[in-house]
Amino acid sequence: MTDTSSTGQARGEAPAPRRRALYRLMRYLPLVAPVLLWAVPCWVLLYAGQHWPAPVTAGGTALFVLGLVAMPLGMARGHGRRQQDAAAIVGDTLLGASWVLFTWSVLLGVLLRLALAVTGVGEGQDRARAVTWAVLGVSAVLLAWGYAEARRVPRVRRLDVRLPRLGAGLDGLRVVLVTDTHYGPLDRARWSARVCETVNSLEADLVCHTGDIADGTAERRRAQAAPLGTVRATHARVYVTGNHEYYSEAQGWVDLMDRLGWEPLRNRHLLLERGGDTLVVAGVDDVTAESSGLPGHRAHLAGALDGADPGLPVLLLAHQPAFVDRAAAAGVDLQLSGHTHGGQIWPFHHLVRLDQPALAGLSHHGARTVLYTSRGTGFWGPPFRVFAPSEITLLVLRSAN
């Protein structure tokens, strides 16, 4: 690998109008969402015609009120200034559980009740109680399965990516992508080591990490991140920042990854040469970097490509898929991203789609650019993955010939 790029910076572009509207909406979600997440299931399970005995109704209501209070309190103490890991675990787990309960309370509360009414099964109270047990049963199964999916070592997703400008000497180049490891309150040092063992088994030429390494500072999560130093690649290991680094002293993560042997591509590029052909491997800071106030941190694609031969194919690392508009305008051949988690807990992916142009997998943008969006290797917050499995990605690059 040869470093040939400039570290120059430029001011980032303003967010698209639809994202501005989404950001305005997000301001009010922390106030409204917790009430809805707990009040809707409470009503569907306890008050929608079930006529439970008074102790059941009172006890169930008390549990929902406790959840409504404990969830935001735990998240505030866990992810705020106090950084209490035990509180974060409680708050995050309650968030995931309430989301699943809310989703299936709405779906089964309408669909199952309607189906029972159409088929003439049971009376009003029987139907209401059937909905309650169905919601509780489905939610319990999904939460147990989702927890196992979140904590397992991700499956390897393999696919070929054809890049017309890729030289024949680079045909078959093996690129492994890990992203959104989100080391956090739940200690996953052993999981991290097993992930790195899996990556090493893939015999990669290039290993990429597209950000959101952890929730917490590098000093705090060092033990969980340390196995990344064991990752092997024939040519290079490269890294770019994600938005969560900018909640946790991003420069500390850049420095730690450098010490672990990874190349931080902060608005610059390297040249990967094989078989007489060359690939430009570029990276940019996350688009939230500039608002962090850290000197020199911002997304600057022109700086990342400065000095690169425009006739060479470009592989770009950018944490958020939304960056692909700029990548396509610059003629980038392949952008690798994460950030979306594939929605992580269904049906949250519908909200992700409001903010990002792709949820997971390959997509094409402009005349040349291919975007690959990973569902992520770890998980954020709630320790559940429902219908959005994690992944370690092996992309085999193919030339036109």
Carefully, step by step, assess W253 and H244 under the rule side chain to side chain contact (heavy atoms under 4.5 Å, CB included).
-> CA-CA 10 Å; W253 280 110; H244 278 251; over 6 Å; no
Run the numbers on R375 and R157 for side chain to side chain contact (heavy atoms under 4.5 Å, CB included), then give the verdict.
-> CA-CA 10 Å; R375 290 186 299 255; R157 185 178 186 189; 4.0 Å; yes
Any chance you could lay out the side chain to side chain contact (heavy atoms under 4.5 Å, CB included) test for F387 and H349, step after step, and finish with the verdict?
-> CA-CA 10 Å; F387 304 133; H349 67 284; over 6 Å; no
After noting the C-alpha distance and the side-chain angles of D285 and R266, does the key distance pass the salt bridge (Lys or Arg N to Asp or Glu O under 4.0 Å) rule?
-> CA-CA 6 Å; D285 292 341; R266 296 201 49 248; 2.9 Å; yes
Kindly determine whether T103 and V386 satisfy side chain to side chain contact (heavy atoms under 4.5 Å, CB included), including the steps that lead there.
-> CA-CA 12 Å; T103 298; V386 178; over 6 Å; no
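Note that the CG atom of L312 and the CG atom of L166 stand 10.5 Å from one another [nearest 0.5 Å]. For the atom pair D309 CG and L271 CG, the distance stands at 9.0 Å (nearest 0.5 Å). In this structure, E391 CD and R155 CZ are separated by 11.0 Å, a value rounded to the nearest 0.5 Å. Put simply, CD on Q224 and CZ on R190 are 13.0 Å apart, with the number rounded to the nearest 0.5 Å. Here CD of Q251 is found 9.5 Å from OG1 of T241. Values are rounded to the nearest 0.5 Å. Distance check, rounded to the nearest 0.5 Å: CG of L395 to CG of L173 gives 10.0 Å.
Contact record, R129 with P53: NH2-CD, 4.3 Å, taken as the closest heavy-atom pair. Taking every heavy atom of both residues into account, L359 and G343 meet most closely at CD1-N, 3.9 Å. In terms of heavy atoms, C196 sits closest to V231 at SG-CG2, 3.7 Å. Closest non-hydrogen pair, Y239 versus G211, comes out as CE1-CA, 4.2 Å. The shortest heavy-atom contact between G172 and D205 is O-OD2, 4.2 Å. Of all the heavy atoms in P321 and P357, the pair that sits closest is O-CG, 3.6 Å.
Atom CZ of F348 has 12 or fewer heavy atoms from other residues, nucleotides or ligands within 6.0 Å. Crowding of Q125 atom CD: a count of heavy atoms from other residues, nucleotides or ligands under 6.0 Å exceeding 12. The neighbour count for R152 CZ, taken as heavy atoms of other residues, nucleotides or ligands under 6.0 Å away, is above 12.
Between V40 and F64 the shortest side-chain heavy-atom distance does not fall below 4.5 Å. Looking only at side-chain heavy atoms (C-beta outward), R151 and R188 come within less than 4.5 Å of each other. Here the side chains of W191 and L186 are not in contact, with every heavy-atom distance at 4.5 Å or above. Residues L397 and L170 form no side-chain contact, since every pair of their non-hydrogen atoms from C-beta on lies 4.5 Å or further apart. Within the 4.5 Å cutoff, the side chain of R127 has no heavy atoms near those of the V131 side chain. Annotation: side chain of F323 is not in contact with side chain of S337 (no heavy-atom distance under 4.5 Å). E149 has its side chain out of reach of P154: every pair of non-hydrogen atoms, C-beta onward, lies at least 4.5 Å apart. Between L94 and S98, the closest side-chain pair of non-hydrogen atoms is not below 4.5 Å.
Checked against W346 for a ring pair (Phe, Tyr, Trp, His ring centres under 6.0 Å), the options F384, W104, W145 give a single hit: W104. A side chain to side chain donor-acceptor pair (under 3.5 Å) with H319 is found for one member of D286, N243, T288 and no other, namely N243.
Q83 is linked by a side chain to side chain contact (heavy atoms under 4.5 Å, CB included) to R220, counting only residues two or more places apart in sequence or in another chain. Partners of A388 under the side chain to side chain contact (heavy atoms under 4.5 Å, CB included) rule, at least two apart in sequence or in another chain, are R385.
Using a 3.5 Å distance cut-off with no hydrogens or angles, the side chains of Y47 and T61 do pair a donor with an acceptor. A donor-acceptor pair shorter than 3.5 Å cannot be found between the side chains of E219 and T217. A donor-acceptor contact closer than 3.5 angstrom is absent between the side chains of Q356 and T340.
Proximity of a side-chain donor or acceptor of S248 to a complementary backbone N or O of E245 within less than 3.5 Å is not detected.
Applying the salt bridge (Lys or Arg N to Asp or Glu O under 4.0 Å) test to every pair with at least one member in residues 67-83, sequence neighbours left out, gives no pairs at all. Listed by first and then second residue, the salt bridge (Lys or Arg N to Asp or Glu O under 4.0 Å) pairs that reach into residues 158-177 are D160-R398, R165-D333, D171-R398, sequence neighbours excluded.
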Using distance only, find each side-chain donor-acceptor pair of residues 276-284 under 3.5 Å and give its atom names and separation, not counting sequence neighbours.
from	atom 1	to	atom 2	distance (Å)
D277	OD2	A168	N	3.3
D277	OD2	G169	N	2.7

Result block: side-chain N/O donor-acceptor pairs under 3.5 angstrom for residues 175-182, not counting sequence neighbours:
from	atom 1	to	atom 2	distance (Å)
T179	OG1	T210	OG1	2.7
D180	OD1	H341	NE2	3.3
D180	OD2	H339	N	2.9
T181	OG1	H209	NE2	3.2
T181	OG1	I213	O	2.8
H182	ND1	D215	OD2	3.0
H182	NE2	D212	OD2	3.3
H182	NE2	H341	NE2	3.3

